[in-house]
Chemist: 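The structure's right below; bear with me while I get my questions together.
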Amino acid sequence: MSTVEEHFSYMITPKNQAFCLMSLSFLLAIIVCNYTLLSLTQPVAAKLLYSLYGFSLVAAYFTKQSQIKNSLAVVAFLAICSVGIIFPLNMNVIDGIYRIIPLLFLFVFPGSMLPIAISIALLSAYLPSIGNGELPEFIQGCIELVSLSILASLMVYFQKKTINQMRSFRRESYTDYLTGLNNRKSFIKHLDQQKLKIDSVRYSNLNFALLVVDLDGFKKINDQLGHASGDNVLKLIALRFKSLTNKSIELYRISGDEFTFILTPQHNIRKKAELIAEQVLKISQQPHVFEGKSFELSCSIGISIYPEDTTDIEVLCTHADLAMYKAKSNGKKSYVFYEDKLAAQSNRFHDLEADLKKAIKRQELTVHYQPKVCVITGKITSAEALLRWQHPKYGAISPLEFIAIAEANDTICDIGAWVFKQACQNIKLFKEISPLRNIAVNVSPKQLAQETFVKQLDVILKEQQCPAHWIEIEQTESALMESREKNISVLNQLKAAGFTLSLDDFGTVYSSLAQLSSLPIQIIKIDKRFIEHCATKHKDRMIVRAIIQLADNLGMETIAEGVETPEQLSVLRQEHCGAYQGYLYSKPVPATQFIELLLAQEHRTRLPSNTELKVV
């Protein structure tokens, strides 16, 4: 097919075909009617009036503006009535051709009762010219004409009513019940239409863009204000997003808090998609006020382009989703265009997610230990247990990557319990070599949220015959603040059970004195971001000093993280920090190497003779 043929094949839809068929039927009927009328009358004036009637009615049929359509229909009606009064026809003609005229008006105004009124008006116009002998025949013709008009009008009326109901149901099936926007069904249909437009004309430089918009933190609104309030927020968001739409930008709500924009085929689509994304980010972050409460929302946006990224609609949607998830992982409040590497990252994510559930059984997980060293004596006083994963396909996986996956798929609780058990087993061995104070174990917020968390730890301690004070529970400041009151309650239970409690990454999130004083912690860990430049930047050193003095005044100990240079250690010593950990002394090492560090510190070359080496 040529390009022109393809273009017209796209335009000829079932709806267009039905209209063409109706139009052809109407034109044939009016041609037959007018040809008959013109052939039966001789006066020029009559021919002109019949012609005026025909042209006006045809024009009214094809006119879309209702006011013009009504005016042309009135002209046609007046013309046909006038010619009947001025140039009356015989009864046979009236009985035959005049049955068609009301039906022609039915084409112009389908579903109306106008043809009934027109049939009566036509007969009234011819009544004065009827002779006495023709009256019975005229009355019979009147009854037939009016009956036919009534029957045809009612049939078309109920047909149109049925069609309108079907269209209403169809429209509702394509509409989101809550926001009134187009829904997922409409979204898929319109995507196919945009694809067809581009594929039919084959413009290599014509593209359309898909933007997937996911609201950040909407679950919290539902949880805090209730689902009814959440629905009202969605309506408000939809109203704001709708203000960005026009003939070339279409908006849809395809799931709970997920919206999409389709930028219809146009040139320079990437720049326009970027502009719309920036407007969506801006409008979504405007403050929302509901029931006297003000709150903010942000969103993450993924963008894919057809056919630049793919020629498959389903894959196009997947690409936009991948880009949106990338925007979320980048810190939210942003937009990302799809790139091929995102697909590889997605495959890697799904592989890691599936394999992480089996990693413990496959013995792919190990616990490494990073020494915590006294600033004054330079001796190892304790250690932090850090999880490592050696994947059979991808090699060493960063904890930042797989811990986030474990948090997302709820395997973190099982993994956390396993790490706790390993730490309990190993500290007994370590204490045979050196009088370590304890081993620090990081705990996830999801572990703290478990109703049986404290009991679970108590069971493991008893199984391993490990006193609670040999274990330090380490928690980040940001995680504690997510469910502050509940987490503090759990920490109080842990402290009462004998565990040492430490606060990790202090100074990077909240750092409120009121919050700090309410936490039942004994150790503050100074984040490595402050340690990194404490020897070269005065402000960073002052922050370190303030944290150490604050902890000292509250009766807490301090441990500095990420110490890598002698100069940093010198600053910590001068500021009277208690302990440190970092590459200056040792990176996190397997238990066997950690034992070697302890042996070297205690000036031993081997384990005590009564110690059985069972490093896990």
Chemist: What is the minimum heavy-atom distance between I301 and A327, and which atoms define it?
Modeler: O-CB, 3.7 Å
Chemist: Do other residues, nucleotides or ligands put more than 12 heavy atoms under 6.0 Å from the NZ atom of K69?
Modeler: yes
Chemist: Do other residues, nucleotides or ligands put more than 12 heavy atoms under 6.0 Å from Q363 CD?
Modeler: no
Chemist: For E364 and Q390, which I'm curious about, is there any donor-acceptor pair between the side chains at under 3.5 Å?
Modeler: no
Chemist: Side chains of N442 and E384: donor-acceptor distance under 3.5 Å anywhere?
Modeler: yes
Chemist: Can you find a pair of side-chain heavy atoms, one from F261 and one from E250, that are under 4.5 Å apart?
Modeler: no
Chemist: Given R253, which partner from the list T260, L178, V213 fulfils the side-chain contact (heavy atoms from CB on, under 4.5 Å) test?
Modeler: L178
Chemist: Classify the side-chain pair D309/S304 by whether it contains a donor and acceptor separated by less than 3.5 Å.
Modeler: no
Chemist: Please check if the number of heavy atoms outside Y325 that lie under 6.0 Å from its OH is greater than 12.
Modeler: no
Chemist: For K333, does the NZ atom sit with more than 12 other heavy atoms under 6.0 Å from it, leaving out its own atoms?
Modeler: no
Chemist: Under a plain distance cut-off of 3.5 Å, with no hydrogens placed, do Y174 and N182 share a side-chain donor-acceptor pair?
Modeler: no
Chemist: Would you kindly say whether S248 and N246 are connected by a side-chain donor-acceptor distance under 3.5 Å?
Modeler: yes
Chemist: Measure the spacing between CG of L181 and OG of S186 and express it to the nearest 0.5 Å.
Modeler: 10.0 Å
Chemist: Any donor-acceptor pair under 3.5 Å linking the side-chain atoms of Q370 with those of K587?
Modeler: no
Chemist: Can the ring centroids of Y252 and H190 be said to lie less than 6.0 angstrom from one another?
Modeler: yes
Chemist: If you define the side chain from C-beta out and look only at heavy atoms, does anything of I249 sit under 4.5 Å from L244?
Modeler: no
Chemist: Going by atom types only, do D199 and Y306 share a side-chain donor-acceptor pair under 3.5 Å?
Modeler: yes
Chemist: For the residue pair E274 and Y335, confirm or rule out a side-chain donor-acceptor distance under 3.5 Å.
Modeler: yes
Chemist: Around atom OH of Y583, are there more than 12 heavy atoms from other residues, nucleotides or ligands closer than 6.0 Å?
Modeler: no
